[in-house]
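See structure below.
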Amino acid sequence: MHRNRQKQTTVLRAAATLLSATIIAAAGAQAADPQAPAAGVLRVATYNVAMYRQQAGQLQAELLRGDSQQAKRIAEVIQRVRPHVILLNEFDYAAGSSRRENYDAAEFTRRPSELVGALKRLYLERPQAGREPISFQHQFYKPVNTGVDSGLDLDKDGKTGGPADAWGYGRYPGQYGMLLLSQFPIGPESRTYQQMRWRELADPLWPRDPATGEHFYSAEQRRALRLASKSFWDVELLIEQPGARRRPLRLLCAHPTPPGFDGPEDRNGCRNYDEIRMIAEYISGDRQSRFPVDNDGHRSEDQQYGTLAPGADFVVLGDLNADPVDGNGRRGAIQQLLEHPRINAGFIPTSEGGAAASAESTDRNGQHRGDPRHDTADFGGDGYSNLRVDYVLPSRGIKVAGGGVYWPTPGEPGAEAIAASDHRLVWLDLLLPQEGGE
């Protein structure tokens, strides 16, 4: 939620034994620092790092000094968990200008790697709190919709050019961006759907004025509105090992808008629901949606593009801003994924720190129906309740060997580092099927 807030020493080898996988999976809530993943296990993580600033360029200048306390703590958490691949939400995209009215796509993509390079070189690849450095040789880092001015009065305040009038809420292009870091190569079939229109989704859930039943957005706005508040990425991860090659793994990355900060029309709740529905339909191969034209212009008529191939292995990653039972999102939003026939959602990552934090804020969490050990975000400092909103969801052909929410209890190692963000890192250890078989 926003607005309130190893280097790899070997390639993955043979699959881990079922015994070791069972031991890991049976561990339940993980100790603060998980054991390193066993041979043959792929550790995949998502982490909303809250590394956005109030103006474009501020984060880059801060990281380049090498003394960012927030970045050190974020790097410490990642070094403690040691994922092979991790999606960072709310990591600014390096837009070239803070002047939203002068936004230029060429400028937006001119030097995006400088900010990523600073994070890697000055923080992740340096020891934090005595932990071993960690290296990610590959990254996927693309523009997002946040802060890109639509030219439309989307919040109906009688003015244009405000943060809520951007295609995704933001004060400048790239605020609340996304970054995927990987120890494995990223394939050429990766694609993004930043510019897909909301109307291209079958039966869009348009917000309406509850008093009149009329559309909240005008016809012109409904024709133009983009669906993704940041972007939707289908990233091809290439994992090789001696004597064999795994089927490519698709990483489906997103960060839907939070279902709040609006009015009785529930425009953000509707958008959050449909952003999640886009992922579900992409997985399903739903051709009812005009699905879609990616940012490189490949259309769904091309068999190579469009929706996900029926036999593809994939993992959904991101801060999806939807709790299964609590919070103010629309009912059933995240169930579109948790109950999807192609998704293995049976293993729920947990922590004891989440339960402890919930107990400290009974005024906000006392009425919750969800298990607080499943929570992934602590919004207590912003006056909101703790929720499960961050997800790592593999496809059914992938076996889960373990996982957790990195949330130490007070006094445990790492407990200070997690204060760098209101979200917690979530990871799963995965056993991938081999080429030609399960």
- L64 side chain reached by E114 side chain, heavy atoms, under 4.5 Å: yes
- Would you say E90's side chain and V49's backbone share a donor-acceptor pair under 3.5 angstrom? no
- Message: Does E416, at its CD atom, have more than 12 non-hydrogen atoms belonging to other residues, nucleotides or ligands within less than 6.0 Å?
- Response: no
- Message: Between R369 and D326, is there a side-chain heavy-atom distance shorter than 4.5 Å?
- Response: yes
- Message: Would you call the rings of F379 and H423 parallel, tilted or perpendicular, taking 30° and 60° as the class edges?
- Response: perpendicular
- Parallel, tilted or perpendicular: rings of W233 and F140 (30°, 60°): perpendicular
- Note on the structure: Closest non-hydrogen atoms of P349 and V426, given as atom of the first, atom of the second and distance, are CG-CG1, 3.8 Å
- Indicate whether any N or O donor in one side chain lies under 3.5 Å from an N or O acceptor in the other, for H368 and S385. yes
- Message: I'd like to know if the side chain of E125 reaches the main chain of P133, judged simply by a donor and an acceptor atom lying under 3.5 Å from each other, with no hydrogens or angles considered.
- Response: no
- Item | Close side-chain approach of W206 to L225, heavy-atom, < 4.5 Å | yes
- Message: Please give me the minimum heavy-atom distance between E189 and E236, naming the atom from each residue.
- Response: N-OE1, 3.0 Å
- Heavy-atom side-chain contact between R171 and Y176 under 4.5 Å: yes
- Task: State plainly whether the residues D375 and R388 are in salt-bridge range, i.e. N to O under 4.0 Å.
- Result: no
- Query: Are any side-chain N or O atoms of R43 and backbone N or O atoms of V41, one a donor and one an acceptor, separated by less than 3.5 Å?
  - Reply: no
- Note on the structure: Closest non-hydrogen atoms of P324 and L338, given as atom of the first, atom of the second and distance, are CG-CD1, 3.8 Å
- I398 CD1 to L42 CG distance, which is reported to the nearest 0.5 Å: 8.5 Å
- Query: How about L205 and C270: do any of their side-chain heavy atoms sit closer than 4.5 Å?
  - Reply: yes
- Checking E339 side chain against G332 main chain: does a donor-acceptor pair fall under 3.5 Å? no
- Query: Given side chains that start at C-beta, do those of P143 and Q194 come closer than 4.5 Å, heavy atoms only?
  - Reply: yes
- Side chains of D92 and Q58 in contact at under 4.5 Å (non-hydrogen atoms): no
- Task: Could you give me the CA-CA distance, side-chain angles and deciding distance for D378 and D422, then say whether side-chain contact (heavy atoms from CB on, under 4.5 Å) is met?
- Result: CA-CA 5 Å; D378 184 357; D422 51 357; 5.6 Å; no
- Non-hydrogen atoms of L63 and L122 that approach each other most closely: O-CD1, 3.2 Å
- Say whether, by atom type as modelled, one donor and one acceptor occur between the side chain of R197 and the main chain of A224 under 3.5 angstrom. yes
- Using the side-chain contact (heavy atoms from CB on, under 4.5 Å) rule, take K120 and L181 through it: C-alpha gap first, then chi angles, then the decisive distance, then the call. CA-CA 9 Å; K120 296 193 332 182; L181 298 173; 4.0 Å; yes
- Has the side chain of R131 got a donor or acceptor atom that lies under 3.5 Å from a matching backbone atom of Q79? no
- Task: Measure the spacing between OG1 of T257 and CG of N145 and express it to the nearest 0.5 Å.
- Result: 11.5 Å
- With side-chain contact (heavy atoms from CB on, under 4.5 Å) as the test, would you mind laying out the steps for V235 and L317 before giving the verdict? CA-CA 11 Å; V235 183; L317 285 173; over 6 Å; no
- Under 3.5 Å: donor-acceptor pair, side chain of T376, backbone of V389: yes
- Can you tell me if D319 uses its side chain to pair, donor with acceptor, with the backbone of L88 under 3.5 Å? no
- Task: Under the side-chain contact (heavy atoms from CB on, under 4.5 Å) rule, what do L87 and N89 come out as? Steps first, then yes or no, please.
- Result: CA-CA 6 Å; L87 175 67; N89 288 127; 4.0 Å; yes
- Output the distance between atom NE2 (H255) and atom OG (S229), rounded to the nearest 0.5 Å. 7.0 Å
- Checking S68 side chain against A71 main chain: does a donor-acceptor pair fall under 3.5 Å? yes
- Rounded to the nearest 0.5 Å, how far does OG of S190 lie from CG of L238? 7.5 Å
- Query: Atom CG of D262 and atom OH of Y169: how far apart are they, to the nearest 0.5 Å?
  - Reply: 12.5 Å
- Centres of the Y193 and Y282 rings: under 6.0 Å? yes
- If we only count heavy atoms from C-beta on, is the P394 to V400 side-chain gap below 4.5 Å? yes
- Task: Give the ring-plane orientation class for F184 versus H84, where under 30° counts as parallel, over 60° as perpendicular and anything between as tilted.
- Result: tilted
- Message: Check this for me, if you would: do R80 and E76 make a salt bridge, where the nitrogen-to-carboxylate-oxygen distance has to be below 4.0 angstrom?
- Response: yes
- Item | Closest non-hydrogen atom pair between L320 and A254, with its separation | CD2-O, 4.0 Å
- Message: Determine whether a donor-acceptor pair (N or O, by modelled atom type, separation under 3.5 Å) exists between the side chain of S182 and the backbone of H138.
- Response: no
- Approximate separation, where rounding is to 0.5 Å, of L387 CG and N365 CG: 7.5 Å
- Message: Ignoring hydrogens, what is the shortest heavy-atom contact between I283 and L308? Give both atom names and the distance.
- Response: CA-CB, 4.3 Å
